[in-house]
There are 2 protein chains.
Amino acid sequence: MTENPTRQPSAGQTRRRGAVLEEAILRAAVDELTESGFAGLTMDKVAARAGTNKNAIYRRWPNRLALGIAAYRQLATTVQPPDTGDLRSDVLELLRGANRHWSSPLGAILRELLSAAGGTSELLAQLQEQSSDAAAAPWLTILGRAVARGEASPEALHPRVATVAVVLLRNEFVVRGAPTAPDDVLVEIVDEVYLPLVRRRDPAPN
Amino acid sequence: MTENPTRQPSAGQTRRRGAVLEEAILRAAVDELTESGFAGLTMDKVAARAGTNKNAIYRRWPNRLALGIAAYRQLATTVQPPDTGDLRSDVLELLRGANRHWSSPLGAILRELLSAAGGTSELLAQLQEQSSDAAAAPWLTILGRAVARGEASPEALHPRVATVAVVLLRNEFVVRGAPTAPDDVLVEIVDEVYLPLVRRRDPAPN
DNA sequence: CAATTAGGGTACGGCGAGTACCGTAAATTC
DNA sequence: GAATTTACGGTACTCGCCGTACCCTAATTG
């Protein structure tokens with residue numbers, strides 16, 4: 001019952017090749033990933049589910065992690081920046097969205113992958129697009145509007161500054177093992193750190 | 001040559017028990033950890049090196065990760081907060097120290113362990129003492145002095161605010177796979193984020 | 001219709017975690 | 001100081017799973 005092979009083992013089917021097979025493998029990997037997480041993603045199961053064997057997988061991906069990342073990328077979504085007209089509301093909404101994402105099954109998978117990659121730059125780079133760099137864009141967007149409104153300082157339009165809130169939130173997940181961050185924490189990050197940082201600040205007298 | 005059994009296998013030694021044996025195991029684990037990292041820490045090797053067998057280990061630690069963490073804790077050191085008389089200098093020095101630590105072999109091990117723990121709260125908690133919460137203390141110390149000097153705002157004396165710089169730095173390690181963070185990044189964190197955040201800020205006019 | 005390429009089937013090597021016994025030395029009890 | 005309990009030592013084994021190696025055969029190429 002756990003199996004749902006796309007291809008019947010010995011039906012009179014035609015043998016798949018190239019892109020068709022590749023997609024079938026990737027789809028199988030995605031299914032395994034969503035069902036069992038990365039820890040449960042085994043090459044044998046993916047092969048069986050795709051109705052093929054490990055050879056075909058290893059011909060395309062060098063190892064389990066690479067396959068896992070490729071599969072995850074199929075699931076990634078992009079974030080639409082909110083526009084409530086108020087900086088604090090925008091920030092909170094964006095941050096709550098991030099919290100929801102990392103608390104979701106998909107977020108759990110992302111955390112597993114980050115863990116498994118454990119400092120392997122080449123592979124991490126492929127996850128960053130989904131997790132941090134692409135994540136900088138919406139923050140810059142809402143800050144841009146806030147700057148126009150006079151709510152935020154222009155200095156805040158700097159990726160490192162703009163993303164401080166998400167970085168602090170991610171820290172909660174990485175260092176505490178919490179499955180989800182309580183809303184108090186988000187509010188605290190926003191009110192104690194983020195807003196004081198980005199709000200229009202009068203040039204400090206040396 | 002990789003072996004240095006504390007106990008000669010069949011010498012006329014007395015059989016070790018309890019605390020004595022426990023320390024021998026832990027010392028063996030520490031040695032393996034420093035030589036081969038957590039990835040190379042094998043229960044068999046630790047047992048061999050301690051001149052015992054895996055039973056004795058599993059009777060004390062439930063699994064490899066728990067042993068690794070216990071061994072790491074033997075190596076942890078505490079940080080002495082600097083006191084240069086200038087907030088920016090103190091901050092930079094503390095941050096550079098953290099960067100050095102995470103770039104060091106010991107830091108690599110810590111990152112491996114964080115990776116392997118991957119969100120297991122109970123075990124992570126044992127690492128936090130060494131990595132984040134204990135790390136909050138020196139920051140509060142230097143900030144306390146800066147507040148007294150009038151250099152920093154009293155609102156900065158809040159763990160989440162005080163540790164922002166290290167959290168951002170750790171993020172560099174976790175999300176980029178960099179073996180070490182370039183000094184520019186540290187300076188940027190300090191000048192673009194940390195100082196603007198903690199410096200005396202005149203109450204924003206709504 | 002050859003020749004080449006890529007899938008399918010299958011088996012296997014290797015490694016390391018965790019477990020199961022069993023005999024024996026050390027501590028504990030009386 | 002003997003009997004009992006507890007804990008170590010030795011060893012062997014199961015299990016899971018990654019990654020690889022063949023060998024045969026279907027699809028593609030020309």
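Each chain gets a letter, A, B and so on, in the order the sequences are listed, and its residues count up from 1.
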d(CG, B:Leu21; P, D:dG10) in whole Å: 11 Å
B:Arg17 CZ to C:dT24 P, in whole Å, measures 16 Å
If a protein heavy atom is under 4.0 Å from the base, mark B; if only from the sugar-phosphate, S; if neither, -; do that for nucleotides 14-20 of chain C going 5' to 3'. --SBBBB
So, is B:Arg59 close to the D:dC8 phosphate, meaning a side-chain N or O under 4.0 Å from OP1 or OP2? yes
Is A:Arg100 paired with A:Glu93 through a side-chain N to carboxylate O contact shorter than 4.0 Å? no
Integer-rounded Å distance: D:dT6 P and B:Arg15 CZ: 16 Å
Does NZ or CZ of A:Arg88 fall inside the cone over A:Tyr194's six-membered ring, less than 6.0 Å from its centre and within 45° of the axis? no
Applying side-chain contact (heavy atoms from CB on, under 4.5 Å) between B:Val46 and each of B:Leu67, B:Leu33, B:Leu26, report the one that passes. B:Leu67
Show your working on side chain to side chain contact (heavy atoms under 4.5 Å, CB included) between A:Leu21 and A:Arg60 and close with a plain yes or no. CA-CA 11 Å; A:Leu21 182 55; A:Arg60 294 172 167 80; 4.1 Å; yes
So A:Arg96 and A:Val187, do their side chains get closer than 4.5 Å, heavy atoms only? yes
Does this structure show an ion pair linking A:Arg16 with A:Glu23, if we count only N-O contacts that are shorter than 4.0 Å? no
